[in-house]
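Report on the structure given below.
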2 protein chains.
Amino acid sequence: MSGRAGAGRPRSGRATIYDVARAAGVSVGTVSRVLNGHPVGDASRRAVQRALAGTGYVPNEHARRLAGARPATVAFLHCVSGDRLLADPNVNALLLDCLRSLGEQQIMMVTPVPGDGPPEVAVRMLAARLDDPVLMFSAPLASPAVDDLVGRHVPVVACGTPLGHERRVSYVTSDDREGARQMVAYLRSRGRRRIGVVTGPMDLPGGVERLAGYRDAVGAFDPALVVHGDYTYAGGVTAAERLLRQAPDLDAIFAASDVMAAGVLDACARAGRRVPEDVAVGGYDDAPIAVGTTPQLTTVRIPWRRYADRLTSQLLRRIDGDDASGVVMPVELIVRGST
Amino acid sequence: MSGRAGAGRPRSGRATIYDVARAAGVSVGTVSRVLNGHPVGDASRRAVQRALAGTGYVPNEHARRLAGARPATVAFLHCVSGDRLLADPNVNALLLDCLRSLGEQQIMMVTPVPGDGPPEVAVRMLAARLDDPVLMFSAPLASPAVDDLVGRHVPVVACGTPLGHERRVSYVTSDDREGARQMVAYLRSRGRRRIGVVTGPMDLPGGVERLAGYRDAVGAFDPALVVHGDYTYAGGVTAAERLLRQAPDLDAIFAASDVMAAGVLDACARAGRRVPEDVAVGGYDDAPIAVGTTPQLTTVRIPWRRYADRLTSQLLRRIDGDDASGVVMPVELIVRGST
DNA sequence: TTGTACGCGTTATCAC
DNA sequence: GTGATAACGCGTACAA
């Protein structure tokens with residue numbers, strides 16, 4: 001008899017499928033079939049279920065994956081530098097919705113992985129060892145991370161349009177262009193004619209799309225009415241100040257995020273412009289802050305819960321080998337006091 | 001020959017240790033030894049390293065774990081309800097420090113898992129499949145989750161003292177009692193004699209300890225000077241209002257967190273009390289908000305980076321089978337304008 | 001120092 | 001419908 005081998009660290013002591021099979025008086029195959037909902041005789045099924053409860057069996061995910069089972073875990077790739085990984089409340093909220101939605105499908109784990117910096121690459125290497133499908137947030141227009149992933153045939157689902165990768169990675173996006181268009185059209189319907197815009201970052205799809213929607217609806221386009229922002233409160237303040245200077249006659253400002261809109265509101269107040277009498281202000285996202293400002297913000301709501309559900313279903317499809325595809329969620333204009 | 005079996009889903013196409021061995025002209029054992037830093041001949045080592053780079057080999061974590069290797073992943077258990085999982089910026093910041101610290105040890109953090117509610121239990125079940133060691137935040141005084149974990153002999157390291165489990169779970173904590181004591185002693189050294197306190201939640205170790213430190217230093221104890229808070233801004237406002245009503249003659253307020261202290265500051269302003277002239281205000285945590293208030297907050301700093309490093313080393317020790325143990329980090333009084 | 005072979009726990013296939 | 005067993009990729013004890 002040759003050498004006993006393979007004794008790594010002590011076994012965790014957890015019940016295995018063999019223990020269950022023994023307790024139920026059936027073979028491991030039958031237990032596995034019960035576990036996975038495959039056809040099994042009635043008597044066997046009951047015996048197995050009793051044994052399952054009795055032994056407190058918990059499946060070993062590593063063994064499942066090694067044997068080729070569908071992943072029950074998902075990696076979460078946020079394309080920002082590591083120090084801003086969990087810093088965005090909006091992203092965290094969506095992440096939470098995704099956790100819930102995935103949980104309902106018996107899928108878990110969301111490995112927070114940062115984006116493209118040098119240390120981030122190391123973390124991604126670690127993540128790669130798990131071979132999980134990827135849920136990606138804040139995909140930039142070009143990213144080595146994304147190229148790497150699609151090159152390794154990792155199933156990826158993006159939150160937002162993965163510009164340049166639409167055929168390789170599935171995605172869910174909201175109709176940013178349409179939302180911005182609706183907002184600006186609404187402002188015009190209320191008689192506003194000189195409508196300024198504080199854009200989002202131009203290297204993010206949302207930034208590009210919301211500006212496009214603005215241009216769709218604004219009528220005559222005046223460069224003096226466009227200032228670029230960065231989705232931050234401070235950025236909103238600065239941008240509004242510039243806008244007020246460049247185009248003192250403006251009667252409305254559309255900010256591409258509620259957080260920036262809050263900054264716009266304060267800048268207007270400091271500049272002595274009344275909102276909404278002198279200047280109407282529109283936001284985007286229907287973030288919590290939208291009802292925390294005075295006046296409350298007219299904004300564009302994205303249905304985040306359903307959004308997360310769609311991300312989950314897209315991910316499941318992708319795991320099961322379907323081709324990449326995109327879905328677009330509708331948006332809703334929410335009118336409050338700022339217009 | 002009996003049936004070919006075990007063909008799950010298509011192989012991911014990743015290079016395996018066998019591919020590397022073939023490319024290097026050595027056996028898999030040798031490759032494994034190189035990978036794990038075990039003694040290997042010089043020629044073999046170089047050949048393997050070349051093959052490693054050439055094949056783009058990435059270890060399969062699931063196979064590693066199944067074979068008994070040390071876990072390269074850690075589960076993150078936050079003992080709050082699911083909807084508050086990523087909602088606390090302080091926790092997120094520490095989480096990030098832990099991510100960094102663990103990453104330096106080639107360990108990746110994984111799986112934000114919520115605490116004790118009914119749906120949370122389901123998520124923990126999922127997490128259990130991975131059999132990861134656990135990094136625990138906000139451990140309440142009594143928790144089925146913790147009992148479950150220690151019962152299953154899962155290595156657990158807590159952030160803060162795991163009251164009632166000190167012998168079963170390792171932990172890192174800062175000296176909350178001493179920090180509070182220093183703060184109150186400092187206030188007294190500046191001539192303050194009627195010092196109120198806004199405590200943290202009394203079912204959290206930090207809340208209990210910081211109040212104890214207050215009692216250590218305050219001298220005569222007056223119940224009218226104690227109001228319980230919940231670590232939130234709004235809670236700080238409410239508590240300060242009550243304090244000002246109950247003890248109009250107070251000349252200082254120690255809030256058990258900076259966020260609450262910010263609320264105290266605003267409540268004082270509304271009540272017409274000048275800070276620090278009429279009322280000195282002390283906080284705790286040295287959170288970002290501590291330098292965002294007017295005046296800036298005198299507070300107690302916890303060395304979070306080193307704290308995270310200690311959490312990591314405690315975790316490693318625990319994984320390697322050492323007994324549970326606790327370490328206490330020192331704190332530092334930071335004096336700013338609010339006193 | 002290096003090669004060989006077993007075992008980790010699960011899934012899926014084959015034969016009954 | 002059920003049992004037996006190969007295969008997943010890796011770590012390691014043992015033999016050479």
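By convention in this document, chain letters (A, B, ...) are assigned in the order of the sequence lines, proteins followed by strands, and residues within each chain are numbered from 1. Computed over heavy atoms, backbone and side chain alike; hydrogens, waters and symmetry mates excluded. Because the structure is predicted, anything quoted here is derived from the model rather than measured.
- Whole-Å rounding puts the A/I17 CD1 to D/dA4 C1' distance at 14 Å.
- Taking atom CZ of B/R70 as the reference point, atom C1' of D/dT12 lies 16 Å away to the nearest angstrom.
- Nearest to the side-chain atoms of B/N60 among the listed nucleotides D/dC10, C/dT11, D/dC8 stands D/dC10.
- The distance from atom CZ of A/R22 to atom P of C/dG9 is 11 Å, rounded to the nearest whole Å.
- For residues 22-34 of chain A, the pairs satisfying salt bridge (Lys or Arg N to Asp or Glu O under 4.0 Å) are A/D19-A/R22, with sequence neighbours left out.
- Residues satisfying the salt bridge (charged side-chain N to carboxylate O under 4.0 Å, His left out) criterion with A/D42, sequence neighbours excluded, are A/R46.
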For residues 156-169 of chain B, which side-chain N or O atoms pair as donor and acceptor with protein atoms under 3.5 Å away, sequence neighbours left out?
| unit_1 | atom_1 | unit_2 | atom_2 | d |
| --- | --- | --- | --- | --- |
| B/H165 | NE2 | B/D147 | OD1 | 3.3 |
| B/E166 | OE1 | B/G164 | N | 3.0 |

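- Scanning for side-chain hydrogen bond (donor to acceptor under 3.5 Å, both in side chains) contacts around A/S101 gives A/D309, A/T312, with sequence neighbours left out.
- Shown here are the side-chain contact (heavy atoms from CB on, under 4.5 Å) partners of A/D322, two or more places apart in sequence or in another chain: A/R317.
- Spacing between atom CG of B/D131 and atom C1' of C/dT10 amounts to 15 Å, rounded to whole angstrom units.
- One interatomic measurement links the two molecules: CG of A/L66 to C1' of D/dG9, which rounds to 5 Å at whole-angstrom precision.
- Annotation: B/R310, atom CZ; neighbour count of heavy atoms from other residues, nucleotides and ligands within 6.0 Å does not exceed 12.
- Summary for the helix from C/dT1-D/dA16 to C/dC16-D/dG1: the axes at its two ends, each from 5 pairs, differ by 40° when rounded to the nearest 10 degrees.
- By the side-chain hydrogen bond (donor to acceptor under 3.5 Å, both in side chains) test, A/S32 is found to be paired with A/N36, residues two or more places apart in sequence or in another chain being considered.
- Against DNA chain D, the stretch residues 27-47 of chain B makes heavy-atom approaches under 4.0 Å through B/G29, B/S32, B/R33, B/N36, B/H38.
- Close to D/dG3, at under 4.0 Å from its OP1 or OP2, lies no side-chain N or O of A/Y18.
- With rounding to whole Å, A/R65 atom CZ is found 12 Å from D/dC8 atom C1'.
- OP1 or OP2 of C/dT11 has at least one side-chain nitrogen or oxygen of A/R64 nearer than 4.0 Å.
- The distance between atom CD of A/E61 and atom C1' of C/dT11, rounded to the nearest whole Å, is 13 Å.
- With respect to A/R152 and A/D131, no salt bridge is recorded, no charged nitrogen being found less than 4.0 Å from a carboxylate O.
- With sequence neighbours left out, the salt bridge (charged side-chain N to carboxylate O under 4.0 Å, His left out) criterion links A/R318 to no other residue.
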